[in-house]
Novice: 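Here's a structure for you.
Chain A is the first sequence line, chain B the second, and so forth, proteins listed ahead of strands; every chain is numbered from 1.
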Amino acid sequence: EAGVVQSPRYKIIEKKQPVAFWCNPISGHNTLYWYLQNLGQGPELLIRYENEEAVDDSQLPKDRFSAERLKGVDSTLKIQPAELGDSAVYLCASSLDGGYNEQFFGPGTRLTVL
Amino acid sequence: AQSVSQHNHHVILSEAASLELGCNYSYGGTVNLFWYVQYPGQHLQLLLKYFSGDPLVKGIKGFEAEFIKSKFSFNLRKPSVQWSDTAEYFCAVNVNNNDMRFGAGTRLTVKP
């Protein structure tokens, strides 16, 4: 069974440029998460989807970040415009039905903003 | 503030040494507890979890963790580490069926 797929794995951009990350969760997993992981820190939740509905986006900086999961399967996270402080690893995870279910993580996208 | 604390930032051990990584949380209510591991160059994966029942849970690769409710702790243990256990270990708490909160992680280096 394929795991959570993310692309790209690495991205280097200049500040003020837009960037997008893509995630394809494990087949059949209804819940999808986007996390931000800074160096030396644990993952921090940005947004959680139940199917195509964003049920928790309280930690998403909505002035520059946006996300979508149009058909309740794969998802895109966008930053526009990127700032130097956005340099981090962006992780996608999925679980069967959210709640206490185990979350399966993708390899992440390492973003460097110059 | 509510948090998950991992007190050891970096632990260095020799092979065959015993391991204990601390994890404390400050959330009230019903909690479910997890330890995730990230091997070098790999993605986060579940090591073990506690939902209910026996507070001593066993995970993969000989790891175990004990939930002590009175101490708000969920420490990870392994009696004898191997070089292949070199990784970063994250404690995580799911509170009241809401989202997961992670600790900052503990980097474990096992010297051969």
Novice: Using heavy-atom distances under 4.5 Å, tell me whether Arg107(B) contacts chain A through its side chain, its backbone, both, or neither.
Specialist: neither

Novice: Which heavy atom of Asn30(A) sits nearest a heavy atom of Arg69(A), and at what distance?
Specialist: O-NH1, 2.6 Å

Novice: Given a strict heavy-atom distance threshold of 4.5 Å, which part of Glu44(A) is in contact with chain B: side chain, backbone, both, or neither?
Specialist: neither

Novice: Kindly write out the residues that satisfy side chain to side chain contact (heavy atoms under 4.5 Å, CB included) with Pro112(B), not counting sequence neighbours, or none if the list is empty.
Specialist: Glu15(B), Trp83(B)

Novice: Within the 4.5 Å heavy-atom criterion, are Phe34(B) and Phe102(B) side-chain neighbours or not?
Specialist: no

Novice: For chain B, which residues from residues 15-25 of chain A have at least one heavy atom closer than 4.5 Å to it?
Specialist: none

Novice: I need the residue from Gly105(B), Gly103(B), Ala92(B), Ala104(B) with the largest number of non-hydrogen atom pairs under 4.5 Å to chain A.
Specialist: Ala104(B)

Novice: Shortest non-hydrogen contact from Tyr35(A) to Pro43(A)?
Specialist: CD2-CB, 3.7 Å

Novice: Is Cys23(B) close to Leu76(B) at the side-chain level, that is, under 4.5 Å between some pair of heavy atoms?
Specialist: no

Novice: Quick one: closest heavy-atom pair of Tyr36(B) and Glu102(A), and the distance?
Specialist: OH-CG, 4.0 Å

Novice: Could you pull out the closest heavy-atom pair between Leu21(B) and Asn8(B), with the gap in Å?
Specialist: CA-OD1, 4.4 Å

Novice: Show, in sequence, the C-alpha distance, side-chain angles and deciding distance for Glu88(B) and His10(B), and conclude whether the side-chain contact (heavy atoms from CB on, under 4.5 Å) test is met.
Specialist: CA-CA 9 Å; Glu88(B) 187 136 22; His10(B) 188 192; over 6 Å; no

Novice: State which residues pass ring-ring contact (aromatic ring centres under 6.0 Å, His included) with Tyr39(B); sequence neighbours excluded, sorted by chain then number.
Specialist: none

Novice: I need the minimum non-hydrogen distance between Leu33(B) and Phe74(B), along with the two atoms involved.
Specialist: CB-CD2, 3.5 Å

Novice: Heavy atoms under 4.5 Å from chain B: which residues of residues 104-114 of chain A carry them?
Specialist: Phe105(A), Gly106(A), Pro107(A)

Novice: Crowded around Ile60(B) CD1? As in, over 12 foreign heavy atoms under 6.0 Å?
Specialist: yes

